[in-house]
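Heads up, the thing below is written out as structure tokens.
Letters A, B, ... are given to chains in the order of the sequence lines, protein chains preceding strands, and every chain is numbered from 1.
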Protein chains: 2
Amino acid sequence: MTSKKQVPYAALKRIFHEPNRLAIMSALAGASKGCSFTDLRGACALTDGNLSRHLKVLEEEKAVHIEKAFVGVKPRTTATLTDDGRQRFMVYLQALEEVLQAATRAIQSEPPATA
Amino acid sequence: MTSKKQVPYAALKRIFHEPNRLAIMSALAGASKGCSFTDLRGACALTDGNLSRHLKVLEEEKAVHIEKAFVGVKPRTTATLTDDGRQRFMVYLQALEEVLQAATRAIQSEPPATA
DNA sequence: AGAATAGCTTTTTATTGCAAAGTACTTTTT
DNA sequence: AAAAAGTACTTTGCAATAAAAAGCTATTCT
């Protein structure tokens, strides 16, 4: 029976760890006023369907807040980070940094390979 | 049609980006002589089944080399990084670092939330 | 009017992380 | 000697989900 040991990698919550969501979160982290669907799609190089899906996941986790409005006749969806989402993202980033440093140390401690 | 733009997050290859495999790769990166199945299982806090599966994935991708031998009467599986695996892992780590720095910059440039 | 485009959402498909069960042994224990 | 309990893995099966495809709905172009 493998007891659940405390390994730092466990802190890499999937909700943020997925590359595309990491991109979305990063884009939103730098935009206090939020980002429109279209901007995010461009910034993260995502298809409409994927962006929609990822945003919904992030919204369900209450990491982002989605607002739908009309600008003139056109619909506009705007995503912003929630306070909680920002907080949790920072925790994730710290965990990521630790993991990255450990990995970097490990790989640098070894010679590039021999015989 | 969303053209495949060059976004750094694309470099976060899934093969390494999965938390448990990241743990495995990091452990192996620090062990030029390789790690036994049992050691890895302990170091990464994985169940037998999961470790087996992840190792197979890494082996299929030729990122690790698996050697099976008998020590006395007992079987022993030893995993080592391949040169190519090490190389690709370093590329992944560099991408991860860039992504992390971008995210950290973004989140620090914004106030902890208002209104 | 009909076709194309914009801005999304929903559904389908394919992958895969993970737990549980299985295999093939060896080493006790009774 | 037979049964029970380990050890060291592998295989199977399912539930979650990322990505692709298909669907809206409304507007603008021709």
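For the pair A/Leu55 and B/His54, nearest-nucleotide mapping onto DNA chain C gives the more 5' position to A/Leu55. Comparing B/Asn50 and A/Asn50 by the nucleotide of DNA chain C whose heavy atom lies nearest to each, the residue mapping closer to the 5' end is A/Asn50.
What you find for A/Pro19 and B/Leu12 is that their closest heavy atoms are CG-O, 4.0 Å. Nearest heavy-atom pair across B/Ala79 and B/Leu28 is O-CD2, 3.3 Å. What you find for B/Ile66 and B/Val64 is that their closest heavy atoms are CD1-CG2, 3.9 Å.
Note on A/Arg76: only backbone sugar-phosphate atoms sit closer than 4.0 angstrom, heavy atoms only; bases stay farther off.
At whole-Å resolution of the value, NE2 in A/His17 and P in C/dT16 are 15 Å apart. Following rounding to the nearest Å, B/Arg21 (CZ) and C/dT16 (C1') show an atom-to-atom distance of 8 Å. The separation between A/Asp48 atom CG and D/dA19 atom P is 15 Å, rounded to whole Å. The distance from atom CZ of B/Phe16 to atom P of C/dG17 is 13 Å, rounded to the nearest whole Å.
The listed nucleotides are D/dA8, C/dG17, D/dA18; the one nearest the side chain of B/Pro75 is D/dA8. Residue A/Glu18 places its side chain closer to D/dA19 than to any other of D/dA19, D/dA8, C/dA6. The side chain of B/Phe37 lies closest to D/dC9 when the candidates are C/dG17, D/dC9, C/dA6. Distances from the side chain of A/Val73 to the nucleotides C/dG17, C/dT9, D/dT28 place D/dT28 closest. The listed nucleotides are D/dA8, C/dC8, C/dC18; the one nearest the side chain of A/Lys68 is C/dC8.
Listed for the B/Ser36 side chain is no donor-acceptor partner under 3.5 Å among the backbone atoms of B/Thr77.
Between the axis at the start and the axis at the end of the helix from C/dA1-D/dT30 to C/dT30-D/dA1 there is an angle of 20°, using five pairs per end and rounding to 10 degrees.
For the pair A/Thr77 and C/dC8, the criterion of a side-chain N or O lying under 4.0 Å from OP1 or OP2 is met.
Note on ring orientation: taking the six-membered ring where Trp is involved, the planes of B/His17 and A/His17 are parallel (angle under 30°, cut-offs 30° and 60°).
In this structure, the side chains of B/Leu22 and B/Phe16 stay at 4.5 Å or more apart for every pair of heavy atoms.
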